[in-house]
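Just below is one structure, and these are the notes that go with it.
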Amino acid sequence: MVVAKEKMLSYEECRRKRVEENKKRMEALNLPQLSQALRTPSFKPSPSPRKSSKHRTGEKQLVVVRRSGRVANKPAPVYKEILVDKVMIPRRVSKHRDLSNRVYASDEARAEALEKAEKLESDLGPDFPVFIKSMLQSHVTGGFWLGLPAHFCKTYLPKRDEVMTLIDEEGHEHPTVYLARKAGLSGGWKGFAVAHKLVDGDAVVFQLVRHTAFKVFCLCL
């Protein structure tokens, strides 16, 4: 017990000496004064600005800033509001076909023309392929498009677009455009129909005399 007590006293004595040594070192380095200086604020708060009872009012003006020296001495431009007329795009006026001269065939007249065409077909013989078309309004007064029988086109006519020549009964030739994918006559057919005054109900016999030529017989009402 005596030895433990002596060790405790020796430890306390050493700790006290160490504290005193540290204190002397701090005083030598002037650390207490520096710590105190850091705790004290080194600035004073700026006084709050006085609130004026009256507000200053001034007239605001727009000033044109002219930065270029080239135009610095010239008078400032005056910008005026300019009224621009509304641009109107003219509407496209479609031209309607004049259909007042259309002639509509009766069922009896159409059947009579077809009967004549069938008799002519039998008289022509089997030497050349033949088909008959009964004229409709779309063939002779509307779009002037003449669709041909699909089986005839597939069997006898070219597989690509070609110029087909229509030879009338007087031997006059009329070139037309044959569209293979649509199986019909387009450009040039209108000229032929108008020249031969074809109307609704007429029967037309087409005889393929060459690979790209038809002999055409018109049986009008």
Side-chain angles (χ1 to χ4, degrees), residues 82-221:
I82 301 175
L83 297 178
V84 180
D85 295 336
K86 185 177 180 181
V87 179
M88 298 297 293
I89 300 176
R91 296 181 60 185
R92 183 178 179 180
V93 180
S94 60
K95 296 182 179 179
H96 299 281
R97 296 188 182 97
D98 183 11
L99 304 179
S100 60
N101 60 345
R102 275 189 168 184
V103 178
Y104 293 88
S106 64
D107 294 339
E108 292 79 7
R110 186 181 298 274
E112 183 181 352
L114 281 174
E115 185 178 354
K116 293 179 180 179
E118 291 171 355
K119 185 179 183 305
L120 176 61
E121 179 184 11
S122 63
D123 294 341
L124 293 175
D127 295 338
F128 299 98
V130 178
F131 69 89
I132 301 171
K133 285 290 293 185
S134 179
M135 296 293 101
L136 303 175
Q137 294 292 352
S138 60
H139 300 153
V140 294
T141 59
F144 289 97
W145 162 259
L146 182 67
L148 306 183
H151 69 279
F152 190 95
C153 297
K154 185 177 180 180
T155 306
Y156 301 108
L157 298 187
K159 305 303 179 183
R160 61 182 182 180
D161 298 350
E162 290 283 357
V163 176
M164 299 291 295
T165 302
L166 304 184
I167 306 171
D168 61 19
E169 297 178 65
E170 296 179 358
H172 299 149
E173 296 186 355
H174 302 264
T176 61
V177 177
Y178 169 68
L179 302 180
R181 294 182 63 182
K182 295 185 177 182
L185 300 181
S186 179
W189 166 249
K190 177 181 179 180
F192 181 90
V194 172
H196 294 79
K197 300 180 180 180
L198 296 177
V199 295
D200 180 57
D202 288 345
V204 181
V205 179
F206 292 82
Q207 183 184 39
L208 187 64
V209 294
R210 292 198 304 270
H211 186 58
T212 58
F214 281 111
K215 181 72 175 179
V216 183
F217 303 90
C218 301
L219 301 176
C220 300
L221 298 177

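All values below were derived from every heavy atom in this structure, side-chain atoms included, with hydrogens, water molecules and symmetry-related copies excluded.
- Nearest heavy-atom pair, H139 versus W145, reported as atom, atom and distance to 0.1 Å: CD2-O, 3.2 Å.
- Looking at heavy atoms from C-beta onward, V194 lies in side-chain contact with F144 at the 4.5 angstrom threshold.
- The minimum heavy-atom distance between K116 and L219, with the atom names listed, is C-CD1, 3.4 Å.
- If you take NZ on K182 and SG on C153, they are separated by 14.0 Å, rounding to the nearest 0.5 Å.
- By the 4.5 Å heavy-atom criterion applied to side chains, I167 and E173 are counted as neighbours.
- Within the 3.5 Å criterion, the main-chain N or O of G147 finds a donor-acceptor partner in the side chain of K133.
- To the nearest 0.5 angstrom, T176 atom OG1 is 8.5 Å from F214 atom CZ.
- Listed here is the closest heavy atom pair of V130 and E121: CG1-CG, 3.8 Å.
- Residues T141 and D200 form no side-chain contact, since every pair of their non-hydrogen atoms from C-beta on lies 4.5 Å or further apart.
- Between L208 and F128 there is no side-chain heavy-atom pair separated by less than 4.5 Å.
- Salt bridge absent: D161 and R181 never bring a charged side-chain N and a carboxylate O closer than 4.0 Å.
- Side chain of R110 to main chain of A203: no donor-acceptor pair is present (N/O by atom type, distance under 3.5 Å, no hydrogens or angles).
- Judged purely by atom type and a 3.5 angstrom limit, H196 uses its side chain to pair as donor or acceptor with the backbone of F192.
- Panel note: side chain K190, backbone V140; no donor-acceptor pair is recorded below 3.5 Å.
- For NZ of K159, the number of neighbouring non-hydrogen atoms (other residues, nucleotides, ligands) closer than 6.0 Å is greater than 12.
- With S186 contributing its side chain and V177 its backbone, the two residues share no donor-acceptor pair below 3.5 Å.
- Residues S134 and L114 come closest through the heavy atom pair CB-CD2, 3.9 Å.
- Two residues are said to be in side-chain contact when any heavy atoms from C-beta on lie closer than 4.5 Å; L148 and Y178 meet this criterion.
- In this structure, M164 and A213 approach most closely via the heavy-atom pair CE-N, 3.9 Å.
- Residue C218 is tested with V205, D202, L198 for a side chain to side chain contact (heavy atoms under 4.5 Å, CB included); the sole match is L198.
- Ring geometry for F206 versus W189: interplanar angle of 30 to 60°, hence tilted.
- Using cut-offs of 30° and 60° on the angle between ring planes, the pair F152 and Y156 is tilted.
- A distance of 10.5 Å separates CG of L124 from NZ of K119, quoted to the nearest 0.5 Å.
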